[in-house]
Amino acid sequence: MSNPSTQAGSAASRSPASPAPGRTGRGRPPRLDQARTIETALALLDDSGLDALTMRRLAETMGVQAGALYRYFATKDDLLTAMAERMVGEVAAPDGAAEWSERLSGLAGSLRQALLAHRDGARVFAGTHSTGPNTLGFADTGIGILRDAGFADEEAARALMAVTNYTVGHTLEEQAALCPGGGGPADAGVLRDAVTAGTYPHLTAALPALTSLDFTPHFEFGLGLLLGGLRALS
């Protein structure tokens with residue numbers, strides 16, 4: 001993560017004739033800054049996917065040596081955490097006037113959209129544990145919705161974890177099915193052929209839902225089940 005004092009010290013030592021960040025001077029590569037590094041990493045993610053995103057490739061794209069990135073990110077996991085924090089910044093605040101379950105549903109839906117906005121966004125987010133203001137603000141909003149609805153503190157925390165984990169897990173499956181070159185529609189055809197070639201009357205009846213690539217109804221159905229269970233506790 002960035003060190004504000006180091007960054008400020010570096011800026012203070014720059015002479016008036018030195019090039020501004022992001023520009024080159026005397027053949028030197030552009031100066032790094034944390035925000036630009038994260039945006040470049042997200043652009044590479046959107047272009048090529050998570051598996052192709054390496055520290056070396058990111059450094060090459062930015063015109064620096066790979067070691068220069070470690071000033072801000074000691075490991076690739078640190079970079080992914082910063083990218084996840086940036087993505088959560090795209091989550092919209094729910095309508096404060098709505099009923100609590102609608103607010104929580106809106107928060108979950110906005111998280112899904114923020115992850116879908118970036119290729120492999122859910123894979124990047126899964127397993128990270130950011131303590132940045134975007135992530136903490138998201139969690140504080142969610143727990144606040146539930147506490148305002150009368151949930152005890154522990155119940156509110158666990159309920160938000162359940163909703164968040166469902167949202168991330170669903171989006172992981174959604175992006176895996178729809179990823180470029182991932183063969184999502186082909187996989188649906190394989191399932192259809194396998195079911196219709198055998199004796200599976202119940203699967204045959206449910207095939208339209210099972211092979212649909214419109215994931216929004218799937219997401220909303222599962223989220224509705226979660227919210228229904230939470231209503232029973234409130």
Side-chain angles (χ1 to χ4, degrees), residues 38 42 45-46 50 80-179 182 184-185 187-188 205-234:
I38 294 169
L42 286 170
L45 179 75
D46 292 340
L50 180 56
L80 297 180
T81 297
M83 292 167 66
E85 165 71 6
R86 167 65 179 77
M87 287 189 289
V88 177
E90 300 172 14
V91 175
D95 179 3
E99 192 262 341
W100 72 265
S101 61
E102 293 180 10
R103 294 166 64 197
L104 191 60
S105 175
L107 191 68
S110 187
L111 176 61
R112 171 176 171 252
Q113 291 302 323
L115 300 180
L116 287 174
H118 298 281
R119 181 174 173 181
D120 290 335
R123 285 183 64 198
V124 170
F125 184 88
T128 61
H129 301 283
S130 172
T131 54
N134 294 334
T135 303
L136 294 183
F138 170 86
D140 190 69
T141 296
I143 290 176
I145 290 170
L146 289 154
R147 292 181 74 232
D148 289 348
F151 287 85
D153 296 345
E154 186 173 314
E155 288 180 334
R158 287 177 173 166
L160 180 65
M161 285 191 286
V163 170
T164 301
N165 290 341
Y166 166 73
T167 301
V168 175
H170 183 281
T171 310
L172 275 168
E173 294 294 335
E174 182 173 358
Q175 290 189 309
L178 301 177
C179 69
D187 290 344
L207 266 178
L210 294 173
T211 58
S212 172
L213 295 177
D214 181 1
F215 284 88
T216 296
H218 301 332
F219 173 75
E220 292 178 346
F221 182 84
L223 183 60
L225 293 178
L226 268 175
L227 294 175
L230 290 175
R231 287 191 198 97
L233 294 176
S234 64

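Both backbone and side-chain heavy atoms feed into the values below; hydrogens, waters and symmetry mates do not.
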Donor-acceptor check, side chain of Thr128 to backbone of Phe125, threshold 3.5 angstrom: yes or no? yes
Take the angle between the ring planes of Phe151 and Trp100 and call it parallel below 30°, perpendicular above 60°, tilted in between. perpendicular
Smallest separation among heavy atoms of Ala122 and Val168, with atom names: CB-O, 4.0 Å
Measuring from atom CZ of Arg119 to atom CG of Leu45, what distance do you get when rounded to the nearest 0.5 angstrom? 8.0 Å
Nearest 0.5 angstrom please: Thr131 OG1 to His129 NE2, how far? 11.5 Å
Show, in sequence, the C-alpha distance, side-chain angles and deciding distance for His118 and Glu90, and conclude whether the side-chain hydrogen bond (donor to acceptor under 3.5 Å, both in side chains) test is met. CA-CA 11 Å; His118 298 281; Glu90 300 172 14; 3.0 Å; yes
Salt bridge check, Arg147 against Asp153: does any charged N sit closer than 4.0 Å to a carboxylate O? yes
With a 4.5 Å cut-off on side-chain heavy atoms, are Pro94 and Thr141 touching? yes
Atom pair OG1 (Thr135) and CG (Asp140), whose distance is rounded to the nearest 0.5 Å: 12.5 Å
Measuring from atom CD of Glu155 to atom CG of Leu233, what distance do you get when rounded to the nearest 0.5 angstrom? 6.0 Å
Please report the closest heavy-atom contact between Arg231 and Ser101, naming both atoms and the distance. NH2-OG, 3.3 Å
Looking only at atom types and distance, does a side-chain atom of Ser110 sit under 3.5 Å from a main-chain N or O of Gly106, one as donor and one as acceptor? no
Under the side chain to side chain contact (heavy atoms under 4.5 Å, CB included) criterion, do Val124 and Leu42 qualify, and how do the steps go? CA-CA 10 Å; Val124 170; Leu42 286 170; over 6 Å; no
Is there a donor-acceptor pair under 3.5 Å between the side chain of Tyr166 and the backbone N or O of Ala108? no
Calculate, to the nearest 0.5 Å, the distance between atoms CZ and CD1 belonging to Phe138 and Ile143 respectively. 10.0 Å
Run His170 and His218 through side chain to side chain contact (heavy atoms under 4.5 Å, CB included) and show every step you take. CA-CA 9 Å; His170 183 281; His218 301 332; 3.7 Å; yes
Is there side-chain contact between Leu50 and Leu80, with at least one heavy-atom pair below 4.5 Å? yes
Do the charged groups of Arg158 and Glu154 touch, with an N to O distance under 4.0 Å? yes
Is it the case that Arg112 and Thr216 place a side-chain donor and acceptor less than 3.5 Å from each other? yes
Is there a side-chain contact between Phe215 and Leu178 in this structure, where contact means two heavy atoms from C-beta onward sitting under 4.5 Å apart? yes
Please name the pair of heavy atoms, one in Val91 and one in Ala114, separated by the smallest distance, quoted to 0.1 Å. CG2-CB, 4.0 Å
What heavy-atom pair brings Ala82 and Ile38 nearest, and what distance separates the two atoms? CB-CD1, 3.7 Å
Find out whether Leu230 and Leu104 are in side-chain contact, i.e. whether some heavy atom of one side chain is under 4.5 Å from a heavy atom of the other. yes
Is there a side-chain contact between Arg86 and Asn134, using heavy atoms and a 4.5 Å cut-off? no
Measure the spacing between OG of Ser105 and CG of Leu223 and express it to the nearest 0.5 Å. 4.5 Å
Do Glu102 and Asp95 have side chains that get closer than 4.5 Å, going by heavy atoms? no
